[in-house]
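Only one structure is covered here, and it is reproduced in the block below.
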Protein chains: 2
Amino acid sequence: MKSANDQATALLEFRLSAHRTLGPKERDLISHLSWRVEELPARQTFIHDGDKPAHSCLVLAGVVARTQYTAGGQRQILSVHIPGDMPDLQSLHIGRMDHDLETVSATQIAFIPHKDLNHLCAISQTLNATFWRESLIDAALHRAAIFRNAQLDADSRLAHFLCEMHFRHKAVGLVDEEGFSFPLSQELMGEVLGLTIVSINRSSQTLRSLDLIRMQKGHIQVLDVDGLVRFGQFDGTFLHQRFDHETLARAS
Amino acid sequence: MKSANDQATALLEFRLSAHRTLGPKERDLISHLSWRVEELPARQTFIHDGDKPAHSCLVLAGVVARTQYTAGGQRQILSVHIPGDMPDLQSLHIGRMDHDLETVSATQIAFIPHKDLNHLCAISQTLNATFWRESLIDAALHRAAIFRNAQLDADSRLAHFLCEMHFRHKAVGLVDEEGFSFPLSQELMGEVLGLTIVSINRSSQTLRSLDLIRMQKGHIQVLDVDGLVRFGQFDGTFLHQRFDHETLARAS
DNA sequence: CGAAGTATTGACTTGTTTCAATGTTAGTGG
DNA sequence: CCACTAACATTGAAACAAGTCAATACTTCG
């Protein structure tokens with residue numbers, strides 16, 4: 001049984017290896033980080049708009065959403081983060097948060113002081129570039145969201161989003177023959193895609209009736225990847241994955 | 001009369017100073033960069049989806065759009081870039097472009113080899129962090145776009161976008177009593193906001209009738225900043241500007 | 001069992017698109 | 001200097017995708 005700290009180390013090493021092969025120096029540096037791991041319940045905002053965090057975090061288990069609220073209190077989900085993601089890497093160089101981070105399901109999150117990350121980046125050009133790249137891919141996900149929300153109708157929008165989720169889960173080895181576990185309710189998917197729960201419900205029925213996906217109680221299975229990709233006009237380039245099919249199990 | 005190279009240097013120094021005060025070492029490093037400056041006509045795609053650029057660029061004059069196309073050839077403008085922006089800074093660490101860069105108006109663009117930028121970042125932690133921060137603010141602009149396109153109706157969406165343009169132009173000293181020069185046609189604003197030209201036209205009439213803006217032939221003037229901010233639910237935090245009111249003139 | 005959260009369905013409403021025509025402006029060449 | 005052209009802006013009417021409202025069912029869990 002691994003300690004939580006080892007688990008964070010293994011996951012980070014796996015994630016960074018997806019960008020480039022790490023040398024022994026980098027692996028050593030990573031392994032000496034000391035993480036503080038927290039268990040958080042569902043629906044908890046753990047970093048607030050306006051905060052000036054002194055740590056960044058790595059999602060170990062569960063799902064986290066970036067959110068922003070309208071004047072009327074309506075919530076927009078800006079992006080969805082799964083194990084292996086570092087959803088507030090930006091706070092390393094942009095002190096003040098311009099959005100919230102909240103848990104969707106119960107999650108396990110590892111925190112690391114900015115000081116330690118900065119130290120790492122100062123010592124290793126490779127790690128510096130890799131963390132930077134990680135934050136750039138985050139921006140690429142945002143661009144994909146802008147594209148789909150503006151250009152696709154409700155059905156395709158959902159298809160595009162589910163493609164993204166499928167490939168991102170796959171990249172961290174979280175997809176098996178049964179699909180992947182995915183705790184967003186239809187209401188929350190609506191908040192991601194700028195649609196109402198009613199639209200999501202109807203669109204999900206469309207995708208199911210076309211035998212593209214199966215979708216029930218926090219679990220999603222893509223039955224026809226190519227079909228879903230076509231339906232959602234999904235071009236996975238923006239994920240910039242060096243390889244897709246390694247499993248987290250193999251890495252840890 | 002400054003050379004184009006000096007102009008690029010001055011603009012970059014000004015821009016980076018908006019993040020943090022640069023020391024003499026950093027200013028010296030920047031001043032020794034050698035830029036290649038190009039004049040490009042309007043509507044020209046100068047970096048293509050799939051390209052692997054060996055340079056990044058700095059917009060000196062004119063407006064540049066990041067674009068992505070649907071299967072049906074419909075164009076989405078992902079973001080709009082004005083003088084002082086480095087719209088493909090990401091290519092420094094994400095080799096392959098996942099979108100196009102095209103000019104909107106006639107532009108002047110300065111190119112710098114990735115090699116030189118990487119060298120700079122290796123030598124100076126400060127510059128490394130500053131360029132990184134620049135790319136993170138780019139991501140923050142994306143988040144603002146996701147928010148406005150999903151949560152605001154046509155009128156507010158346009159108001160929000162015009163606020164963003166107003167403050168970003170102001171930050172580089174491009175706003176005077178007459179407003180600022182802005183070459184996006186109503187059709188292109190539609191491609192930014194996920195609306196049709198008809199909607200933009202009607203929304204712009206709304207904003208004009210409320211005396212919030214004046215808008216004619218490539219020129220925009222915000223008459224009532226506070227009013228427009230309120231109307232568009234605009235929270236400028238995401239711009240992360242250290243100061244807004246320095247002028248480019250003063251810096252160069 | 002009751003309660004809360006989530007999913008589903010139908011009827012009606014609305015903001016935006018689509019289509020199509022007309023007006024305006026700036027630039028070009030005779 | 002004016003006719004011609006292309007790009008851009010404006011307007012009205014009809015169509016439609018998604019929203020709203022509201023009722024009902026299913027699931028999970030204490």
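What you see is a predicted model; the values in this text were computed from it and never measured. Below, read A as the first sequence line, B as the second, and so on, with proteins coming before strands; counting in each chain starts at 1.
As rounded to whole Å, 12 Å separates atom P of D:dA18 from atom CG of A:L193. Between the P atom of C:dA7 and the CE atom of A:M215 lies a distance of 7 Å, rounded to the nearest Å. Taking atom CD on A:Q186 and atom P on D:dG19, their separation rounds to 13 Å, with Å as the unit. Distance B:D153 CG to C:dT17 P: 11 Å, rounded to the nearest Å. Between B:I200 atom CD1 and C:dG15 atom P there is a gap of 17 Å when expressed in whole angstrom units. Rounded to an integer number of Å, the gap from A:H219 NE2 to D:dT28 C1' is 18 Å. For A:D155 and D:dG19, the CG to P distance is 12 Å, given to the nearest whole Å. One atom, CD of B:E187, and another, C1' of D:dT10, lie 14 Å apart when rounded to the nearest Å.
Side-chain contact check for A:T237 and A:D235: at least one donor-acceptor pair (N or O, by modelled atom type) lies under 3.5 Å. Remark: the B:Q151 side chain and the A:Q76 side chain contain an N/O donor-acceptor pair separated by less than 3.5 Å. When only modelled atom types and interatomic distance are considered, A:S204 and A:R208 share a side-chain donor-acceptor pair under 3.5 Å.
Between C:dT17, D:dA9, C:dG5, one nucleotide has an atom nearer to the side chain of B:S185 than all others, and that is D:dA9. Closest approach to the A:S199 side chain among D:dG19, C:dT8, C:dT17 is made by D:dG19 (side chain taken as heavy atoms from C-beta onward). Checking D:dT10, C:dT9, C:dT16 against the side-chain heavy atoms of A:V198 singles out C:dT9 as nearest.
Checked by distance alone, B:R202 brings a side-chain donor or acceptor within 3.5 Å of a matching partner on the base of D:dG12.
Residue B:R157 is out of contact with every strand shown, counting any heavy-atom pair closer than 4.0 Å. Backbone-only engagement by B:G194 is indicated by non-hydrogen atom pairs under 4.0 Å involving sugar-phosphate atoms exclusively.
At least one side-chain nitrogen or oxygen of A:R208 sits closer than 4.0 Å to the OP1 or OP2 atom of C:dT8. Under 4.0 angstrom from either OP1 or OP2 of D:dT10 there lies at least one side-chain N or O belonging to B:N201. The phosphate of D:dC8 has neither OP1 nor OP2 within less than 4.0 Å of any side-chain N or O from B:K217. OP1 or OP2 of D:dT27 has not a single side-chain nitrogen or oxygen of A:Q216 nearer than 4.0 Å. Using a 4.0 Å cut-off, no side-chain N or O of A:T196 falls inside it from OP1 or OP2 of D:dA18.
Ring centroids of A:F234 and A:F167 are separated by less than 6.0 Å, placing the two rings close together.
A salt bridge is defined here as a Lys NZ or Arg NE, NH1 or NH2 lying under 4.0 Å from an Asp or Glu carboxylate O, and B:R75 with B:E187 fails to meet this definition.
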